[in-house]
Number of protein chains: 2
Amino acid sequence: MTVAEKTIGCVKAATDILGDKWTPQLLRFFANEESLRFCQLQDLVGGINPRTLSARLTHLETAGIIEKTTNESSTRCDYRLTKKGTALLPIIRDMERWSSHYETV
Amino acid sequence: MTVAEKTIGCVKAATDILGDKWTPQLLRFFANEESLRFCQLQDLVGGINPRTLSARLTHLETAGIIEKTTNESSTRCDYRLTKKGTALLPIIRDMERWSSHYETV
């Protein structure tokens with residue numbers, strides 16, 4: 001691994017997760033809810049295509065940011081943040097703060 | 001604007017800047033240097049194609065994150081962070097911290 005590749009590595013992991021149109025706002029809803037179902041997420045993140053949502057959730061699960069838990073008494077499954085995912089929340093909050101301060105929407 | 005579009009707006013501005021392979025690491029070098037020249041940035045961010053670097057710098061300039069200053073006594077131009085760009089540095093530092101803690105490179 002070259003020095004350049006190591007340097008990339010320093011922020012790469014977080015950029016891989018946060019560098020996506022939907023993911024930061026998907027994750028921010030977990031700041032207020034311990035667990036969320038697919039249809040709840042679809043309602044909260046209005047305008048997201050179910051296929052895109054499904055792909056994002058799978059990516060986040062593979063990356064260890066969220067975990068899927070299935071309730072034994074039903075076929076319903078919930079998504080919740082892992083410890084690794086929870087550690088991203090302060091960054092997302094700061095991104096929100098920066099966006100609302102500097103963006104004149 | 002729908003509620004969903006407003007929600008997107010909340011983190012969208014920061015995601016537009018930070019959601020790119022090169023930009024977070026480009027910006028982090030400004031944490032240690034007041035101003036940087038094109039060739040210095042090219043050296044620091046090893047592996048970046050000059051055309052890509054040029055496109056990223058133009059994008060950051062248009063977004064008001066960096067500004068280009070030309071020295072009257074030479075044709076040399078420097079890039080430096082604006083106030084808006086400087087306000088991104090704590091977020092990038094937290095992204096680095098998160099990446100190095102959770103990524104086993």
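Chain naming here is simple, since letters A, B, ... match the order of the sequence lines and numbering starts at 1 in each.
- A:K21 contributes atom NZ, which lies 11.0 Å from atom OG1 of B:T15 (distance to the nearest 0.5 angstrom).
- Side-chain contact check for A:I17 versus B:W98: some heavy-atom pair is nearer than 4.5 Å.
- If you measure heavy-atom distances from A:I48 to chain B, you find no contacts under 4.5 Å at all.
- Checked against A:I66 for a side chain to side chain contact (heavy atoms under 4.5 Å, CB included), the options A:L81, A:T86, A:L26 give a single hit: A:L81.
- Using a 4.5 Å cut-off between heavy atoms, A:D20 touches chain B through its backbone atoms (N, CA, C, O) alone.
- Highest contact tally toward chain B, considering only A:I92, A:L88, A:T23, A:D94, is held by A:L88 [criterion: heavy-atom pairs under 4.5 Å].
- Contact annotation for A:I65: only side-chain heavy atoms (C-beta onward) come within less than 4.5 Å of a heavy atom of chain B.
- Distance check, rounded to the nearest 0.5 Å: CD of A:E67 to NZ of A:K83 gives 13.0 Å.
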